[in-house]
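Data block below; observations after.
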Amino acid sequence: MKAQRMNIVFLFSDEHGASVMGNSGHSVVQTPNLDRLAEKSYTFENAYCNSPLCTPSRLSMLTGRYPHQINAWDLGVIADQHRHKTWGHYLGRAGYRTVLCGRTHFNGSDRLMGFSDRLLDDLPKWNKSSGRPPTRRPNERRSSNSHVTECGSGLHIHTNYDRQVTELALDFLNQKSTNASKQPFLLYCGYMRPHFPLIAPAEFLSGYDPNKLELPPTWNRPLNCQHPVIQHLRWAWRNESPPPESIVRLALASYYALVSALDSQIGRIVNAIDSSPLADNTVIIYTSDHGEMAGHQGIWQKQCFYQPSVQVPLMLRLPANYSETGRVSQNVSLLDILPTLLDLAEESADLPGCSLLNIARNEDNRIDRPVFAEYHHMGMLNAGFMLKKGFHKLCYYVGHSPQLFDLRTDPTESYNLASRSNLVSKMVAELRLICNPEEVDRQAKADQVRRQSVLG
């Protein structure tokens, strides 16, 4: 066994948009613990998920492969770990004890997915999926818009669950800090928050006055002025008409409060590490599986390729005896985390991503590295794909015209340049180096039909 390999604590939230932190320049959201963590970290300012949906994003990250490479199309998919190894397999072979604690959104009976231990499983609601795919018919839509209207102050099982994740993780870290064992560990802490329902603890909601919040400039964007794919997506997820402004304000305040509640749990973990011998040999990584539209473009939840949905926070803090910090502008994605873990474990594998440490240490202020995302779930009748390169973002929709945005001049993604730019063909060609969109769409639909026929 190699000596003095670093421990790794991975902190993972659900639905935390990259801009919703003090460290990101948000003028209202209170995240003191994440801000302090960022000050001592490499902070990746252009980090993206590889699918704006929980299960595909998580499985892609844990295997280090794009969703279409592992058939991770939708929320119901059950991973085939015999074909595609996870962090647990890779780091277990490298001599690590690999421990899960909390939210993973794994489907099926295998609750470890290659990890050695599990301190806390998903809530029963989330861990009993039989693999049923979504129904992607034109008339299929969400039953209500409770993801917006169910908001305000109150107690919720997700909040209690997150506290339990922290308590169990703290017990584990305390044992490791007093244990003479030299075996390195990977501890994955999965949190539910700030995922809806937007029911926030009163102690955090009191910090946000709904009437004083600045609403997203596109919160009530009319449906008929948007791309046809976005129009149908909004309709399918009951976002076609914004709720009353008073509800939008309370929902936004509640979302911010849930981010602050998450921040408090992150702070407990970081403080425990920093006040123990683990500080000298433990890497901390924080990120989220995707963002939250939070009213931008008239949309709540995710399921699209606008910045609030696909851009995620990402910080990597090296142990206390390292002095490496800084803001990294290069485009990165969650696909890069497994190569980073292998780098820390002094191992390697043939994967499409790159080590975040290598990217950070060779930062030259360019962001032209392409990153990719895809979506095959309800709301898009055909597959959607994203390629971001530099400041430009291509949204490619099978069977429809694309969108192209220049994020330097259009941060709200209000002006589609696709019909006026010769850049589209170049970006489509680069997208096709990763996959054939039409063929991947065919494969996804065929697999979803097959699973539906098996389940009845």
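Because only heavy atoms are used, hydrogens play no part in the values below, and waters and symmetry mates are left out as well, while side chains stay in. Just so we're clear, the structure is a prediction, and the values are computed from it rather than from any experiment.
- Contact detail for N46 and K388: the closest heavy-atom pair is OD1-NZ, 3.4 Å.
- By the salt bridge (charged side-chain N to carboxylate O under 4.0 Å, His left out) test, D343 pairs with no residue at all, sequence neighbours left out.
- Listed by chain and residue number, Q226 satisfy the side chain to side chain donor-acceptor pair (under 3.5 Å) test with R234 (two or more places apart in sequence, or in another chain).
- A distance of 10.0 Å separates CG in L155 from CD1 in I199, rounded to the nearest 0.5 Å.
- Outside the 6.0 Å centre-distance limit, the rings of H16 and Y255 are not counted as a close aromatic pair.
- The distance from atom OG of S181 to atom CD of Q175, rounded to the nearest 0.5 Å, is 11.5 Å.
- Side chain of S24 to backbone of H26: no donor-acceptor contact under 3.5 angstrom is found.
- Looking at heavy atoms from C-beta onward, H84 lies out of side-chain contact with Q69 at the 4.5 angstrom threshold.
- Of the inter-residue distances, the one linking L342 atom CG with L351 atom CG reads 6.5 Å to the nearest 0.5 angstrom.
- The salt bridge (charged side-chain N to carboxylate O under 4.0 Å, His left out) search around E167 returns R268, not counting sequence neighbours.
- Proximity of W73 to L53: side-chain heavy atoms (C-beta onward) are nowhere separated by under 4.5 Å.
- Here the side chain of Q303 pairs no donor or acceptor atom with the backbone of L233 at under 3.5 angstrom.
- Between the side chain of N145 and the backbone N or O of N239, no donor-acceptor pair lies under 3.5 Å.
- A heavy-atom distance below 4.5 Å is not found between the side chains of F305 and Q403.
- Each of N7, L11, T98, L173 was evaluated against L187; a single residue qualifies, L173, per the side chain to side chain contact (heavy atoms under 4.5 Å, CB included) test.
- A side-chain donor-acceptor contact under 3.5 Å links R118 to the backbone of R111.
- No donor-acceptor pair under 3.5 Å is formed between the side chain of T86 and the backbone N or O of L62.
- Contact between V77 and N71 at its shortest, heavy atoms only, is CG2-O, 3.1 Å.
- Considering all non-hydrogen atoms of both residues, A257 and A200 come closest at CB-CB, 3.7 Å.
- Taking the charged nitrogens against the carboxylate oxygens, D289 and K302 have no contact shorter than 4.0 Å, which rules out a salt bridge.
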_Is there a side-chain contact (heavy atoms from CB on, under 4.5 Å) between I269 and V9? Walk through the geometry before answering._
CA-CA 9 Å; I269 299 289; V9 174; 4.2 Å; yes
*Given side-chain contact (heavy atoms from CB on, under 4.5 Å), test L91 with I8 step by step and report yes or no.*
CA-CA 11 Å; L91 268 70; I8 303 164; 4.0 Å; yes
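- Judged by distance alone, with hydrogens and angles left aside, the side-chain atoms of D263 form a donor-acceptor pair with the main-chain N or O of L34 at under 3.5 Å.
- Counting all heavy atoms, side chain and backbone alike, P52 lies closest to V310 at CB-CG1, 4.0 Å.
- Between the T31 side chain and the G22 main chain, a donor and an acceptor come within less than 3.5 Å of each other.
- Side-chain contact between Y42 and E324 is present, with heavy atoms from C-beta onward closer than 4.5 Å.
- Between E346 and R5 there is no salt bridge, since none of the side-chain N atoms of the basic residue sits less than 4.0 Å from a carboxylate O of the acidic one.
- R369 has a carboxylate O that lies under 4.0 Å from a charged side-chain N of D336, or vice versa, which qualifies the two as a salt bridge.
- Judged purely by distance below 3.5 Å, without hydrogens or angles, the side chains of D280 and N321 never pair a donor atom with an acceptor atom.
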*Would K426 and H392 count as a side-chain contact (heavy atoms from CB on, under 4.5 Å) if you check the C-alpha gap in whole Å, the side-chain angles of each, and the deciding distance to 0.1 Å?*
CA-CA 11 Å; K426 294 179 180 178; H392 289 99; over 6 Å; no
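- Put simply, the side chain of H158 reaches to within 4.5 Å of the side chain of L123, judged on heavy atoms.
- In the model, T166 has a side-chain atom that pairs as donor or acceptor with a side-chain atom of Q265 under 3.5 Å.
- Results of the ring-ring contact (aromatic ring centres under 6.0 Å, His included) test with F185 over F172, F115, Y96 single out F172 as the only residue that passes.
- Checking side-chain atoms of T325 against main-chain N and O of K40 turns up no donor-acceptor pair under 3.5 Å.
- E374 is linked by a salt bridge (charged side-chain N to carboxylate O under 4.0 Å, His left out) to nothing, counting only residues two or more places apart in sequence or in another chain.
- To the nearest 0.5 angstrom, R221 atom CZ is 11.5 Å from H296 atom NE2.
- Taken to the nearest 0.5 Å, the CG atom of L100 stands 5.5 Å off from the CZ atom of F106.
- The aromatic ring centres of F372 and H68 sit less than 6.0 Å apart.
- Ring pair W87/F10 is perpendicular by interplanar angle, where above 60° counts as perpendicular and below 30° as parallel.
- Considering every non-hydrogen atom in both A373 and C49, the closest pair reads CB-O, 3.7 Å.
- Side-chain contact check for E15 versus L258: every heavy-atom pair is 4.5 Å or farther apart.
- Side chain to side chain, Y286 and S13 meet the donor-acceptor criterion of an N or O pair below 3.5 Å.
- Centroid-to-centroid, the aromatic rings of F196 and W300 stay 6.0 Å apart or farther.
- Considering only heavy atoms from C-beta on, H377 comes within 4.5 Å of L75 through its side chain.
- The existence of a salt bridge linking D14 and R58 is confirmed by a sub-4.0 Å separation between a basic side-chain nitrogen and an acidic carboxylate oxygen.
- Side-chain atoms of T104 and Y188 include no donor-acceptor pair closer than 3.5 Å.
- Applying the salt bridge (charged side-chain N to carboxylate O under 4.0 Å, His left out) criterion to R97, with sequence neighbours excluded, gives D117.
- In this view, S41 satisfies the side chain to side chain donor-acceptor pair (under 3.5 Å) rule with no residue, not counting sequence neighbours.
- Checked for salt-bridge contact, D162 and R103 miss the test: no charged N lies under 4.0 Å from a carboxylate O.
- At a cut-off of 3.5 Å, with distance as the only test, a side-chain donor of R327 or N23 sits close to an acceptor on the other residue.
- For the residue pair R132 and D74, the shortest heavy atom distance occurs at O-OD1, 4.4 Å.
- Once rounded to the nearest 0.5 Å, the distance linking CZ of R65 with CZ of R83 reads 10.5 Å.
- Annotation: side chain of M293 is in contact with side chain of P308 (closest heavy-atom distance under 4.5 Å).
- Put simply, the side chain of Q311 gets close to the backbone of E45: a donor and an acceptor are under 3.5 Å apart.
- Using modelled atom types, no side-chain atom of Q297 and backbone atom of I299 make a donor-acceptor pair closer than 3.5 Å.
- Both tests pass for R93 against the ring of Y90: distance under 6.0 Å to the centre and angle within 45° of the axis.
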*Check the pair L316, F44 against side-chain contact (heavy atoms from CB on, under 4.5 Å), reporting the backbone distance first and the verdict last.*
CA-CA 8 Å; L316 187 156; F44 296 86; 4.2 Å; yes
